[in-house]
Amino acid sequence: MQVQLPDGSERELPDGATAYDLAADIGPRLAKDALIAVVDGSEIDLDAPLTDGAVVELVTPDSERGLHTIRHSTAHVLAQAVLKLWPGSTFAIGPAIENGFYYDFALPNNDTFSDDDLEKIDAEMRSIIDAKQPFVRSEMSPDEALQLMEGHAYKQAIIRSVTGADSDAGSGNDLSTEVSGDVISFYRNSDEFIDMCVGPHVPHTGHLGHFALQRVSGAYWRGREDQPMLQRIYGTAWHSKKALKQHLHNLEEAAKRDHRKLAAELDLLSFPSQLGGGLAVWHPRGAIVRKLMEDYSRQRHEEGGYEFVFTPHLANGRLFETSGHLDFYADGMYPPMEMDNGTYYMKPMNCPMHCLIFDHGQKSYRELPLRLFELGTVYRYERAGTLHGLLRIRGFTQDDSHIYCTEDQLQDEIASLLDFVLSILRAFGFDEFTFNLSTKNPDKFVGSDEIWELATDALARALDRHGLEYEVKEGDAAFYGPKIDIDVKDAIGRSWQLSTIQADFTLPERFDLTYVDHDGERRRPIMLHRALLGSIERFFGVLIEHYAGNFPTWLAPVQVQVLPVADAHRDYAEQVVARLVDAGFRAELLASSDPLGKRIRNAKMAKTPHVLVVGDDDIAAGTVGDNPRGGQVERGVALNDFIGRLSDEAQI
RNA sequence: GCCCGAAUAGCUCAGUUGGCCAGAGCAACGCUCUUGUAAAGCGUAGGUCGUGGGUUCGAAUCCCACUUCGGGCUCCA
């Protein structure tokens, strides 16, 4: 028979040849390295027979598919180790994930793993790997599979959901959606261990080994809180020792950027336990950065035709009944406060209040689009276990805007919003974006289908008009309307969801908002919700990690620290500071009895953009010695020149 | 909320199987020193060992509860 390779060339193979035979025919190196094959788009085991005319791609360990296979197979080895070490335990699912894998188990007597167990498991896994156990595929009917998995309730549940026999498995995104139910496949590694799996897998466990078990955690079966909690073990796995080391190194580097660590070190803000979970206080050095961020945001909004408003943090529950929040968002709201004239709630969003502002007085079409802007602080009840530094917090300030416009204005408004958002994100140092369009969640929405379609269409067309590629996220929208979410990539390639533009045909209706049109008719405005940095707190956390604490000069809490070489130069140093402050910069004197080297160290560790050292030469010549962050020391820079340079550098 | 783990001085951490006044480095403060680019010297002060209960002759250490923090809670057998 003949098969075709990805480069278009053809190979003649004997009938019944496997993918491995093909690899061997091409070369011994490939025969040794190949893990699986891709035939006509689907992945198969290396020992699977090929058919005449197939297009075959051999997958090597360093490819995406290869890594995925290694991770998936390593998960199986993990399961084998755990089932051996904990007799009577059972297993659920063990997929490959980004950079690694996990496997979920239930231990006898509801036992749990502890960190110490990882070492034992790791050792057992390595002995399985040393044994070079083959992954041998077999297929059987669902009935036979159920029998084989006797005593493994989760595997049986999977068989039932795969074969459609389990109506409780849920809908839509459930496991059963894309899996054929006629045949159940298994992979046997040894007499003792067999796991149900679609595969494919590496030929034998000897292809594995560059892995590390990372942590244990609880995980609900099927991710649902009404289901039992399983014990999950996470690991990472790679094709080479070097790649594994690199990954572990990357994790360390990311940990160094952790905003919680840097915020404490740089004295930016803190989360005092006396305050309660998920609530932060901003220290002077963090607050100045926040103020600069907010000032910039305000200035841009002013230029962008927004009008500023202020609204309270608290409102009568009737407002949130009108808005629908008590029906659809109650889980995210703080519990009610009973007061003499009603029940009050902390506001979880600013939109209802902005609707009240719109509602005051009769609006004319001439006033639209009306763009209301507020740095509005909201409070959301995030579940205790989900709080995470500044990134998930219970009280935060949104750079929130609600735009009321006519149907005709909608397209242009969304289009210009996209420009506005991207321009501001770029100012903060982000220039790689991805766009997601979230559509209606059929279980949680208000408004008619027609209205949703209209709004979704408007957002999609705005993205198209900009030539922006986007992914559609079915069912991800808020209850009141579809949205565009904008993710940014940070300096080390991580993705963060920041901005959101949401169309809303619902709130104007609930608040019965109208404007008087050309023809004297009252018409319903369309509303756009738009947060740009999102939460100021969260954005600040992302910025810290993006810059690793090295804020660009325009945002740095202190831009220049001036260090006299000795006390005799203190007066001059003070003059330099005064000149810089006069020129509008944030400059500080760093004089103390500490030696110069020590003070430089302190200034450097504070990540100050410019450390100026001044001594005799500088007094004589009116210069400074500039030690810029990340650059070379330059002696004898005229103060005026330095100020000029700094002005350029501090431009946004 | 649920699973695992953590909480000792401002920070980073020691503290052996429960047993003399709980330690170190850095930071702070005081004194001394004072000339050019990433840690000067000496000294002082600082902790009800997260909070509350319990076990014990005796608890930072063991048990329980609470608080806060960290890692997770279907990126498809």
Side-chain angles (χ1 to χ4, degrees), chain A residues 68 72 75-76 91-99 102 104 110 112-118 145 149 152 154-162 169-170 173-179 181 184-187 195-199 214-234 258 260-261 264-265 267 270-279 331 381-389 563-570 591-605 611-618 625-627 632-636:
Chain A
H68 189 269
H72 190 186
H76 277 235
F91 50 166
I93 63 168
I97 56 174
E98 191 182 351
N99 296 330
Y102 67 80
D104 287 346
N110 279 328
T112 55
F113 291 122
S114 72
D115 291 341
D116 301 336
D117 294 329
L118 292 183
M149 287 290 105
H152 293 293
Y154 297 105
K155 294 293 183 189
Q156 292 186 328
I158 293 163
I159 296 168
R160 290 197 195 93
S161 74
V162 167
N173 57 350
D174 188 75
L175 304 168
S176 61
T177 44
E178 286 177 32
V179 184
I184 306 290
S185 57
F186 285 84
Y187 282 81
D195 193 359
M196 186 169 79
C197 183
V198 285
Q214 292 171 299
R215 51 188 164 264
V216 304
S217 82
Y220 294 105
W221 168 236
R222 289 188 162 131
R224 288 184 358 207
E225 288 180 47
D226 58 352
Q227 298 288 329
M229 168 131 324
L230 304 173
Q231 291 290 304
R232 175 170 296 180
I233 293 177
Y234 281 93
D258 190 312
R260 294 162 299 190
K261 183 175 137 75
E265 280 173 11
D267 195 14
S270 59
F271 297 89
S273 62
Q274 298 94 319
L275 259 186
L279 299 167
D331 287 350
Y381 179 74
E382 299 287 354
R383 299 196 305 171
T386 64
L387 299 173
H388 181 90
L563 283 56
V565 171
D567 276 350
H569 314 112
R570 190 178 167 123
S592 76
S593 59
D594 282 328
L596 181 63
K598 178 61 171 296
R599 283 179 283 144
I600 287 170
R601 182 168 194 271
N602 288 341
K604 288 292 180 188
M605 291 205 306
V611 179
L612 300 188
V613 174
V614 294
D616 286 337
D617 300 352
D618 299 299
D626 180 21
N627 184 339
Q632 294 294 313
V633 172
E634 188 181 353
R635 293 272 300 268

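Proteins get letters first, then strands, A, B, ... in listed order; numbering begins at 1 in each.
Atom name C1', nucleotides B/rC2 and B/rU44: the rounded distance is 49 Å, in whole Å. Remark: the separation of the C1' atoms in B/rG52 and B/rA45 is 30 Å, to the nearest Å. Comparing B/rG19 with B/rG71, their C1' atoms are spaced 36 Å from each other, to the whole Å. Separating the C1' atom of B/rG70 from that of B/rU16 is a span of 27 Å, rounded to the nearest Å.
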What N/O pairs connect the protein and nucleotides 26-32 of chain B at under 3.5 Å? Give each pair on its own line.
unit_1: B/rA27; atom_1: OP1; unit_2: A/K598; atom_2: NZ; d: 2.5

Provide a list of protein-nucleic acid N or O atom pairs under 3.5 angstrom, restricted to nucleotides 1-3 of chain B.
unit_1: B/rG1; atom_1: N2; unit_2: A/Y220; atom_2: OH; d: 2.6
unit_1: B/rC2; atom_1: O4'; unit_2: A/Y220; atom_2: OH; d: 3.1
unit_1: B/rC3; atom_1: O2'; unit_2: A/Q231; atom_2: NE2; d: 2.9
unit_1: B/rC3; atom_1: O2; unit_2: A/G218; atom_2: N; d: 2.9

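With values rounded to the nearest 0.5 angstrom, A/D104 atom CG is found 7.5 Å from A/S217 atom OG. Rounding to the nearest 0.5 angstrom, the gap separating the CG atom in A/L230 from the CZ atom in A/F91 is 12.5 Å. To the nearest 0.5 Å, atom CZ of residue A/R215 and atom OH of residue A/Y234 are 7.0 Å apart. Atom OH of A/Y220 is separated from atom CD of A/Q227 by 11.0 Å, given to the nearest 0.5 angstrom. For the atom pair CZ of A/R232 and OH of A/Y102, the computed distance is 4.0 Å after rounding to the nearest 0.5 Å. The distance from the CG atom of A/L279 to the CZ atom of A/F271 is 9.0 Å, given to the nearest 0.5 Å.
Contacts of A/G277 with the nucleic acid, taken as non-hydrogen atoms under 4.0 Å apart, involve only primed sugar atoms and P, OP1 or OP2.
No side-chain heavy atom of A/V613 sits less than 4.5 Å from a side-chain heavy atom of A/N627. The shortest distance between side-chain heavy atoms of A/R601 and A/P595 does not fall below 4.5 Å. Between A/F186 and A/M149, the closest side-chain pair of non-hydrogen atoms falls below 4.5 Å.
The CG atom of A/N627 sits 9 Å away from the C1' atom of B/rA38 (whole-angstrom rounding). Distance A/R570 CZ to B/rU35 P: 17 Å, rounded to the nearest Å. A/R601 has its CZ atom 16 Å from the P atom of B/rU37, to the nearest Å. Between the CG atom of A/D617 and the P atom of B/rU37 there is a distance of 12 Å, given to the nearest Å. For A/H72 and B/rA77, the NE2 to C1' distance is 7 Å, given to the nearest whole Å. Counting to the nearest Å, the P atom of B/rG71 and the CG atom of A/D104 are 19 Å from each other. Between A/R635 atom CZ and B/rU35 atom P the separation is 14 Å, expressed in whole Å. Protein atom CD1 of A/I233 is 13 Å distant from nucleotide atom P of B/rC4, rounded to whole Å.
Contact annotation: A/R260 side-chain N/O to B/rG71 OP1/OP2 distance is under 4.0 Å. A close approach under 4.0 Å does not occur between any side-chain nitrogen or oxygen of A/Y102 and OP1 or OP2 of B/rU74. The side chain of A/H388 places an N or O atom within less than 4.0 Å of a non-bridging phosphate oxygen (OP1 or OP2) of B/rG71.
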Could you walk me through whether A/D195 and A/K155 pass salt bridge (charged side-chain N to carboxylate O under 4.0 Å, His left out), step by step?
-> CA-CA 9 Å; A/D195 193 359; A/K155 294 293 183 189; 2.9 Å; yes
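The side-chain hydrogen bond (donor to acceptor under 3.5 Å, both in side chains) check on A/D617 picks up A/R635, with sequence neighbours excluded.
With both pairing distances under 3.5 Å, B/rU16 is matched to nothing as a Watson-Crick or G-U wobble pair.
Counting distance only, with no hydrogens placed and no angle test, the side-chain atoms of A/D616 and the base atoms of B/rG36 include no donor-acceptor pair under 3.5 Å.
Distance from the side chain of A/L387 is smallest to B/rC69 among B/rC75, B/rC69, B/rC4. Set against B/rG72, B/rG5, B/rA38, the side chain of A/Y234 has B/rG72 as its closest nucleotide.
Ranked by how close their nearest RNA chain B nucleotide is to the 5' end, A/G389 and A/V565 are led by A/V565. Of the two residues contacting RNA chain B, namely A/K155 and A/G597, the nearest-nucleotide position lying further toward the 5' end is that of A/G597.
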